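A quick note: this is a predicted structure, and the numbers were derived from the prediction, not measured.
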Amino acid sequence: MGPLPRTVELFYDVLSPYSWLGFEILCRYQNIWNINLQLRPSLITGIMKDSGNKPPGLLPRKGQYMANDLKLLRHHLQIPIHFPKDFLSVMLEKGSLSAMRFLTALNLEHPEMLEKASRELWMRVWSRNEDITEPQSILAAAEKAGMSAEQAQGLLEKMSTPKVKNQLKETTEAACRYGERSGWALYLQL
């Protein structure tokens, strides 16, 4: 019998392409690496605000580096990542609050569906240039991820409840606390 799996928490936001890359790598190799992957939906805007970091769209050199880096990583990791057509609008105006609230509600009610639904939301924004903010967009992503219309609609209705809002806020704050210790949103418990 081998060693017990280590727990890895991945704090992520579907607005972040780098979160998607980390997500896919961890999902692919969790059994090989003997890890217990815990997906933790959080808000990148809250993490950036807490850390004093600025989005790549606001810093030209950072944005250019990200564009080149993602192009290389897309081919190397075989992840169909492409910039949204209206990148700045998607990043700075639309955001991901609705999508992340939906994923938080999903994690509370049906955590077994979190991986598929998260992946589908990333695919919408980063592969197919589709919306992730409107209710019908979220429902379409949920359906494509294998959820029933009733399940998805129920979760959509729970997105604005204090329970879901507080859980998302708490998870984002937890990511910030880990960042104070390690500088990473990924946390490995030994």
| query | side-chain hydrogen bond (donor to acceptor under 3.5 Å, both in side chains) with Gln30: which residues, sequence neighbours excluded? | reply | none
| task | Would you indicate whether the side-chain heavy atoms of Asn34 and Pro3 approach each other to under 4.5 Å? | result | yes
| said: Given 3.5 Å as the limit, does a donor-acceptor pair link the side chain of Asn36 with the main chain of Arg6, or not? | reply: no
| If every non-hydrogen atom of Ala142 is compared with every non-hydrogen atom of Phe102, which pair is closest and at what distance? | CB-CZ, 3.8 Å
| task | Give a yes or no answer on whether the side chain of Gln78 reaches the backbone of His75 with a donor-acceptor pair at less than 3.5 Å. | result | yes
| request: With rounding to the nearest 0.5 Å, note down the distance linking CZ in Arg101 to CD1 in Ile138. | output: 10.5 Å
| note | When every non-hydrogen atom of Ala141 is compared with those of Arg124, the smallest separation belongs to CB-CD, 3.5 Å
| Is there a side-chain contact between Trp126 and Pro80, using heavy atoms and a 4.5 Å cut-off? | no
| Transitive ILVMFWY side-chain link Ile32 to Ile35, under 4.5 Å | yes
| message | Looking at His76, I'd like to know if its NE2 atom is crowded, meaning that more than 12 non-hydrogen atoms belonging to other residues, nucleotides or ligands lie closer than 6.0 Å. | response | no
| said: When you measure from the side chain of Lys62 to the backbone of Lys54, do you find a donor-acceptor pair of N or O atoms at a distance under 3.5 Å? | reply: yes
| request: Find the distance between CD1 (Ile79) and CZ (Arg28) and round it off to the nearest 0.5 Å. | output: 4.5 Å
| query | Honestly curious: do Met66 and Val90 fall in one hydrophobic cluster under the side-chain, below-4.5 Å linking rule? | reply | yes
| field | Shared hydrophobic cluster for Leu73 and Leu15 (ILVMFWY, side-chain gaps under 4.5 Å) | value | yes
| message | Set out, in order, the CA-CA distance, both residues' side-chain angles and the distance that settles side-chain contact (heavy atoms from CB on, under 4.5 Å) for Thr45 and Lys49, then state yes or no. | response | CA-CA 6 Å; Thr45 54; Lys49 182 179 178 185; over 6 Å; no
| said: For His82 and Arg128, which I'm curious about, is there any donor-acceptor pair between the side chains at under 3.5 Å? | reply: no
| Looking at CE of Met123 and CD1 of Ile132, how far apart are the two atoms once the value is rounded to the nearest 0.5 Å? | 13.5 Å
| field | Reported CG-to-CG distance for the pair Leu156 and Leu139, which is rounded to 0.5 angstrom | value | 5.0 Å
| Intermediate values then yes/no, side-chain contact (heavy atoms from CB on, under 4.5 Å), Val164 and Gln167 | CA-CA 5 Å; Val164 169; Gln167 182 62 55; 5.7 Å; no
| field | side-chain contact (heavy atoms from CB on, under 4.5 Å) evaluation trace for Cys27 with Glu115 | value | CA-CA 8 Å; Cys27 288; Glu115 179 182 334; 3.6 Å; yes
| message | Testing the basics here: between Met159 and Ser98, what is the closest heavy-atom pair and its distance to 0.1 Å? | response | CE-O, 3.4 Å
| task | Following the transitive rule for hydrophobic clusters with a side-chain heavy-atom cut-off under 4.5 Å over Ile, Leu, Val, Met, Phe, Trp and Tyr, establish whether Leu108 and Phe11 coincide in one cluster. | result | no
| said: Counting only heavy atoms not in Lys169 (residues, nucleotides, ligands), do more than 12 fall under 6.0 Å from its NZ? | reply: no
| message | Given Tyr18, which partner from the list Asp13, Ile81, Asp69 fulfils the side-chain contact (heavy atoms from CB on, under 4.5 Å) test? | response | Asp69
| query | To the nearest 0.5 Å, how far apart are CE in Met113 and CG in Leu103? | reply | 11.0 Å
| query | Is a donor on one side and an acceptor on the other found under 3.5 Å between the side chain of Thr161 and the backbone of Lys158? | reply | yes
| For Pro41 against Thr171, the heavy-atom pair lying closest together | O-CG2, 3.1 Å
| query | Which other residues end up in the same hydrophobic cluster as Leu59, if Ile, Leu, Val, Met, Phe, Trp and Tyr are linked when side-chain heavy atoms come under 4.5 Å apart? | reply | none
| field | Heavy-atom pair of closest approach, residues Arg40 and Ala174 | value | NH2-CB, 4.4 Å
| query | Is the Trp20 to Tyr12 ring centre distance short of 6.0 Å? | reply | no
| said: Testing the basics here: between Pro84 and Val125, what is the closest heavy-atom pair and its distance to 0.1 Å? | reply: CG-O, 3.6 Å
| query | Roughly how far, to the nearest 0.5 Å, is CZ of Phe23 from CG of Leu39? | reply | 5.5 Å
| task | Please examine the side chains of Gln38 and Val8, heavy atoms only from C-beta on, and report whether any two atoms are closer than 4.5 Å. | result | no
| message | Between Asn53 and Ser51, is there a side-chain donor-acceptor contact under 3.5 Å, judged purely by atom types and distance? | response | no
| query | side-chain contact (heavy atoms from CB on, under 4.5 Å) between Thr172 and Ile47: does it pass, once the steps are laid out? | reply | CA-CA 7 Å; Thr172 302; Ile47 294 167; 4.0 Å; yes
| request: List the steps, then state whether side-chain hydrogen bond (donor to acceptor under 3.5 Å, both in side chains) holds for Gln64 with Asn68. | output: CA-CA 6 Å; Gln64 184 58 47; Asn68 293 333; 3.3 Å; yes
Contacts under 3.5 angstrom, residues 144-153 side chains, donor-acceptor by atom type, not counting sequence neighbours:
from	atom 1	to	atom 2	distance (Å)
Ser148	OG	Gln151	N	3.0
Gln151	OE1	Ser148	N	3.2
Gln153	NE2	Glu157	OE2	3.4

